[in-house]
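Here's the structure we're looking at; comments come further down.
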Amino acid sequence: MVSEMSIRPAQPEDARAIAEIHVASWRGAYRGLIPQHILDGLDVAQRERAWGRIIRASIDGLPTEGETGPSLKTIVAESDGGLLGWCSFGPGRDEELRNHGEVAGIYADPAAWGTGAGFRLMSTATNALSEAGFTSAFLWVLDGNGRAIGFYERNGWHDSGATKLDDFHGEMLRERRYERAL
């Protein structure tokens with residue numbers, strides 16, 4: 001059980017912990033959905049460097065490397081000085097959805113699953129998107145990720161019926177778009 005939890009903006013010094021959570025959560029959540037060799041090849045050091053760039057771009061208000069438009073905001077859930085999870089959100093990155101808010105990623109350390117960290121992160125992100133003037137939001141979820149789909153549906157999201165294929169290290173992964181009013 002988590003004693004006290006706070007939500008705050010990610011800082012550059014969080015890059016390592018965010019990367020560790022990113023890799024651990026992918027390995028826990030995507031086992032059987034993504035080929036094991038890809039999960040085994042995830043590199044915390046590479047993710048740490050990427051997260052350092054993402055966080056710095058967010059703080060500076062610049063587009064994330066490889067993206068156009070406003071930068072995403074990243075927030076973290078913290079308890080007892082350690083990070084439990086993170087969430088990135090902002091204006092929609094898909095061209096046809098730029099007038100909608102997007103939750104671009106939300107992950108919790110598998111040890112923190114069920115603690116409320118994901119709920120607090122999602123609530124903070126959707127509230128911030130609403131305060132920014134968005135009336136609806138979307139996110140993409142890996143097809144077959146029942147745990148995430150259940151979490152999203154419990155938090156007011158619904159399957160829009162839209163899908164896309166994403167090339168991840170040569171593997172074509174199907175994602176489903178979930179939406180909700182803000």
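A quick note: this is a predicted structure, and the numbers were derived from the prediction, not measured.
A salt bridge links Glu179 to Arg177: one of the charged nitrogens lies within less than 4.0 Å of a carboxylate oxygen. One finds no salt bridge joining Asp43 and Arg49 here, because no Lys/Arg side-chain nitrogen approaches an Asp/Glu carboxylate oxygen to under 4.0 Å.
Annotation for Arg8: atom CZ counts as buried by contact number, over 12 foreign heavy atoms lying within 6.0 Å.
Side chains of Glu78 and Leu84 form no contact here, defined as non-hydrogen atoms less than 4.5 Å apart. Looking at heavy atoms from C-beta onward, Arg16 lies out of side-chain contact with Trp51 at the 4.5 angstrom threshold. The closest side-chain heavy-atom distance from Tyr30 to Asn145 is below 4.5 Å. Looking at Cys87 and Val76, their side chains never come closer than 4.5 Å, going by heavy atoms from C-beta outward. Within the 4.5 Å cutoff, no side-chain heavy atoms of Leu83 are placed close to those of Asp109. Within the 4.5 Å cutoff, no side-chain heavy atoms of Asp166 are placed close to those of Leu142. Within the 4.5 Å cutoff, side-chain heavy atoms of Arg47 are placed close to those of Val23.
The nearest pair of heavy atoms linking Ala24 to Pro110 is O-CG, 3.5 Å. Of all non-hydrogen atoms in Gly144 and Ile149, the two that sit nearest each other are N-CD1, 4.5 Å. The heavy-atom pair separating Ile59 from Pro12 by the smallest distance is CD1-CD, 3.6 Å. Of all heavy-atom pairs spanning Ile55 and Ala10, the tightest one is CG2-O, 3.8 Å. Annotation for Glu4 and Ser79: closest pair O-OG, 2.7 Å, computed over non-hydrogen atoms. Considering all non-hydrogen atoms of both residues, Arg180 and Gly156 come closest at CB-O, 3.3 Å.
One hydrophobic cluster holds both Ile38 and Ile21 under the rule that ILVMFWY side chains link at heavy-atom gaps under 4.5 Å. The hydrophobic clustering, which links ILVMFWY residues whose side-chain heavy atoms are closer than 4.5 Å, places Trp113 and Tyr152 apart.
Arg154 pairs by the side chain to side chain contact (heavy atoms under 4.5 Å, CB included) definition with Phe151, not counting sequence neighbours. Shown here are the side chain to side chain donor-acceptor pair (under 3.5 Å) partners of Asp40, two or more places apart in sequence or in another chain: Gln36.
Rounded to the nearest 0.5 Å, atoms CZ (Arg31) and CG (Leu39) are 7.0 Å apart. Residue Thr163 holds its OG1 atom at 6.5 Å from CZ of Arg176, rounded to the nearest 0.5 Å. Separation of atoms CG (Asn155) and CD1 (Ile106) is listed at 8.0 Å; rounding is to 0.5 Å. One distance of note links OG of Ser6 with CG of Asp80; it measures 9.5 Å at 0.5 Å rounding. For the atom pair CD (Glu13) and CD (Gln11), the distance works out to 5.5 Å, reported to the nearest 0.5 Å. Between atom OG of residue Ser88 and atom CD of residue Glu102 there is a gap of 10.0 Å, rounded to the nearest 0.5 Å.
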Take Leu139 and Phe89 through the test side-chain contact (heavy atoms from CB on, under 4.5 Å) and record every step on the way to the result.
CA-CA 9 Å; Leu139 57 79; Phe89 59 94; over 6 Å; no
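Not a single donor-acceptor pair under 3.5 Å links the side chain of Trp86 to the backbone N or O of Thr74. One N or O on the side chain of Ser58 and one on the backbone of Leu72 form a donor-acceptor pair closer than 3.5 Å.
Of the listed residues (Phe138, Trp157, Tyr178), just one forms a side-chain contact (heavy atoms from CB on, under 4.5 Å) with Val103, and that residue is Trp157.
Less than 6.0 angstrom separates the ring centroid of Phe168 from the ring centroid of Trp26.
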Please tabulate, for side-chain N and O atoms in residues 121-135, each donor-acceptor pair with protein atoms closer than 3.5 Å (sequence neighbours left out).
residue : atom : partner : partner atom : Å
Ser123  : OG   : Phe119  : O            : 3.0
Thr124  : OG1  : Arg120  : O            : 2.8
Thr126  : OG1  : Met122  : O            : 3.0
Thr126  : OG1  : Ser123  : O            : 3.3
Asn127  : ND2  : Ser123  : O            : 3.1

